[in-house]
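One structure is given here, and the rest of the page talks about it.
Keep in mind that this is a model prediction, so the values were computed, not measured.
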Amino acid sequence: MVAEWKEFLWDVPEERVALWGHCQTLFIRYSYPALQAGLFFLKHAEAVEKDLPARELHEMLLLSLQWLSGMITQSNPVYPLHLLREIETRVWLLAVESEAQVKSEGEISLAGSSQNHLTGNISDIIDRTASIITKMDNHINSMKNRTVEKYDCRDILHRNQALDSSSSAVAIGSSKTKRRAKGYLPSRKPLVDLVDKSPEPEDGSNPPNLRNDVQLQDENLKIEISFSKWEERVGPRELERAVLSLLEFGQISAAKQLQQKLSPGQMPSEFILVDTALKLAAMSTPTSEIPIAILDEELISVIQSYTPIDQHLIYPLQVLENLATVFIECSGRGLCKRIIAVVKAANVLGLSFPEAFGKQPIELLQLLSLKAQESFEEAHLLVQTHVMPAASIAQILAESFLKGLLAAHRGGYMDSQKEEGPAPLLWRFSDFLKWAELCPSEPEIGHALMRLVITGQEIPLACEVELLILSHHFYKSSACLDGVDVLVALAATRVEAYVSEGDFACLARLITGVGNFHALNFILGILIENGQLDLLLQKYSTAADTNTGTAEAVRGFRMAVLTSLKHFNPYDLDAFAMVSICMFDLNAICFILGNQYVLLEGIVKFRNIHHIFILLEGLTG
């Protein structure tokens with residue numbers, strides 16, 4: 001089956017993933033032997049190691065590790081323990097490499113991961129690996145405890161048999177009893193010697209499968225003796241790289257466990273630095289000054305080793321920032337920067353560091369977005385130092401913007417983007433465009449904004465229009481033509497609701513804000529047909545002031561409106577003149593016409609509008 005797959009579908013990553021998943025399903029369904037199943041994945045992983053991406057190779061070795069450790073079959077390990085540790089180290093290295101690739105791409109995707117009964121829905125690669133290896137260690141320890149209990153029972157049985165024989169010997173003679181008592185000394189040897197040399201009961205009462213199980217337990221206990229020779233197979237560099245890479249990604253417990261399992265006698269200095277950073281973070285507040293006297297000696301010693309202290313007070317956040325430069329790149333510096341980002345976010349939000357550190361980064365970003373006027377720098381640092389899916393960032397920004405819009409609508413701030421409004425919420429266009437820089441994907445922002453409209457929430461029409469305008473902006477700037485088409489179709493279905501409510505102001509705001517006069521020309525026709533030309537021109541003037549339009553955009557709007565006028569009101573010369581005048585520069589018109597106009601409350605009213613129209617037509621040819 002694998003050979004046929006390689007011949008026809010091997011170049012398709014999704015098909016390869018499906019192959020390994022299918023093999024896993026068959027192995028479980030037909031109770032395939034754990035050793036053969038584990039070696040199957042191990043053999044194929046080693047054979048195609050150079051051809052597969054790190055994520056796929058990681059999944060294969062993780063499956064092999066679960067089979068060989070007996071975790072899937074809930075049995076004793078079927079592979080030497082030191083070799084299991086070697087595979088585990090390779091799994092950790094591949095997990096870190098995969099996570100780094102995900103981070104560079106900017107988004108976590110589950111499309112390339114094979115699923116089985118043990119992986120669940122954990123999307124984070126390192127967290128999922130840590131979860132599975134923890135379960136595997138617990139399983140191996142459980143099996144080991146059962147083995148020790150079995151041999152304890154056998155030891156007690158041998159002791160009882162020896163006591164029985166000793167009692168019978170007393171009846172024969174005391175001299176022989178003493179010699180028999182000395183003969184029992186081997187039963188007090190270490191457990192491993194007992195396992196190696198203790199004979200099976202002569203009556204053969206143990207069934208064959210129990211004897212095989214005991215032999216397997218004996219082999220596993222022998223492995224424990226040779227466990228310290230792991231260096232012959234996994235070099236110190238590989239171990240150090242795996243441990244420090246885990247530390248870089250914030251897997252402190254997993255890094256310490258791996259170090260303890262493979263080289264308990266050595267402990268990298270990065271662990272001490274990380275512990276120091278966490279202690280300093282817990283002390284940090286926006287304006288905190290900590291007397292050196294209250295710090296423990298170990299913490300002071302570490303700080304003085306890397307950061308000279310000349311005063312009796314320290315600023316934990318400042319010391320923490322200096323400490324980040326001590327770490328080597330990809331060996332804990334990323335973790336220290338993430339700690340700093342969480343500290344700054346916690347200070348803005350009024351949270352303690354442990355509380356903020358216990359939250360997901362996306363949750364902190366959501367809280368920061370609710371204080372948009374005060375927390376952009378902290379949010380920017382948080383996004384820079386943490387991996388967050390673009391879709392999640394876009395959703396948070398869209399929802400926060402909607403909350404700000406609703407508050408501005410209730411407070412009557414919608415018509416002016418220059419007033420204070422519902423601070424510190426995110427509601428101005430300019431502020432949202434600034435926050436949108438946090439999301440690496442503009443189409444995702446458009447999707448998130450339009451999704452709020454599609455979901456059918458009870459959103460005021462004025463707020464709905466602003467969501468559609470911003471959505472179109474991001475679709476257009478990212479050349480997402482499919483998004484533009486869907487938005488235009490959605491707007492067409494919503495027009496009837498606007499007309500039935502008599503909310504022509506929202507229609508005018510929609511067409512002028514979007515600026516897609518060709519696709520939405522039917523809205524122009526509705527406004528002109530309902531006598532809303534003045535409103536349309538007013539909204540366009542406001543939109544042009546907010547977003548400086550190009551000359552081409554102005555000409556496009558003028559031609560679209562004149563075309564609609566020609567269709568609906570071909571004989572309304574005043575309307576034609578009004579549109580033409582509004583598209584010209586006011587200073588130029590004043591220079592040409594002299595005293596032929598009056599400026600009243602910002603509205604230009606002309607004494608002889610027909611004459612002006614004819615004059616402008618002559619000037620423009």
Quick one: list whatever passes salt bridge (Lys or Arg N to Asp or Glu O under 4.0 Å) with [X], sequence neighbours left out.
| X | value |
| --- | --- |
| Arg333 | Glu329 |
| Lys337 | none |
| Glu437 | none |

Looking at side-chain heavy atoms only, is the closest gap between [X] and [Y] below 4.5 Å?
| X | Y | answer |
| --- | --- | --- |
| Val319 | Tyr306 | no |
| Asp127 | Gln251 | yes |
| Arg85 | Leu81 | yes |
| Lys144 | Asn141 | yes |
| Arg338 | Phe357 | no |
| Ile132 | Arg128 | yes |

Is there a donor-acceptor contact under 3.5 Å from the side chain of [X] to the main chain of [Y]?
| X | Y | answer |
| --- | --- | --- |
| His58 | Leu93 | no |
| Gln259 | Gln266 | yes |
| Glu248 | Gly334 | yes |
| Ser98 | Arg55 | yes |

Quick one: side chain to side chain contact (heavy atoms under 4.5 Å, CB included) partners of [X], sequence neighbours excluded?
| X | result |
| --- | --- |
| Leu313 | Glu289, Pro291 |
| Thr134 | Asn138, Gln257 |
| Pro53 | Arg16, Glu56 |

- Task: For atom CD of Gln74, decide whether the heavy atoms of other residues, nucleotides or ligands shown that lie under 6.0 angstrom number more than 12.
- Result: yes

- What do you reckon, is CD1 of Ile294 surrounded by more than 12 foreign heavy atoms closer than 6.0 Å? yes

- Query: For residues 27-42, which residue pairs qualify under side chain to side chain donor-acceptor pair (under 3.5 Å), counting only residues two or more places apart or in two chains?
  - Reply: Tyr32-Gln36

Could you list the donor-acceptor pairs under 3.5 angstrom formed by side chains in residues 271-284, with sequence neighbours left out?
residue, atom, partner, partner atom, Å
Thr276, OG1, Ile272, O, 2.9
Ser284, OG, Leu280, O, 2.9

Give the minimum heavy-atom separation between [X] and [Y], together with the two atoms involved.
| X | Y | result |
| --- | --- | --- |
| Cys439 | Ala390 | SG-O, 3.5 Å |
| Ala34 | Leu68 | O-CD2, 4.3 Å |
| Ser352 | Ala346 | O-CB, 4.2 Å |
| Ala341 | His386 | CB-CE1, 4.3 Å |
| Thr325 | Asn322 | OG1-O, 2.5 Å |

- For His447, what residues pass the ring-ring contact (aromatic ring centres under 6.0 Å, His included) criterion, not counting sequence neighbours? Tyr475

- Note on the structure: Applying ring-ring contact (aromatic ring centres under 6.0 Å, His included) to Tyr315 and not counting sequence neighbours gives none

I need the [X] [atom1] to [Y] [atom2] distance, nearest 0.5 Å.
| X | Y | atom1 | atom2 | answer |
| --- | --- | --- | --- | --- |
| Trp20 | Leu52 | CH2 | CG | 7.0 Å |
| Phe40 | Leu26 | CZ | CG | 9.5 Å |
| Asp137 | Lys135 | CG | NZ | 12.5 Å |
| Ser142 | Asn76 | OG | CG | 9.5 Å |
| Ser64 | Tyr79 | OG | OH | 7.5 Å |

- Query: Could Glu97 and Arg241 be called an ion pair, given the rule that one side-chain N must be under 4.0 Å from one carboxylate O?
  - Reply: no

Atom pairs and distances, side-chain donor-acceptor, residues 363-375, under 3.5 Å, sequence neighbours left out:
residue, atom, partner, partner atom, Å
Glu363, OE1, Gln360, N, 3.0
Ser369, OG, Gln366, O, 2.7
Ser369, OG, Ser400, OG, 2.5
Lys371, NZ, Val348, O, 3.4
Gln373, NE2, Leu425, O, 3.0
Gln373, NE2, Asp431, OD2, 3.1
Ser375, OG, Leu368, O, 2.6
Ser375, OG, Lys371, O, 2.7

- Would you list the pairs meeting salt bridge (charged side-chain N to carboxylate O under 4.0 Å, His left out) in which at least one residue belongs to residues 36-47, sequence neighbours left out? Glu46-Arg90

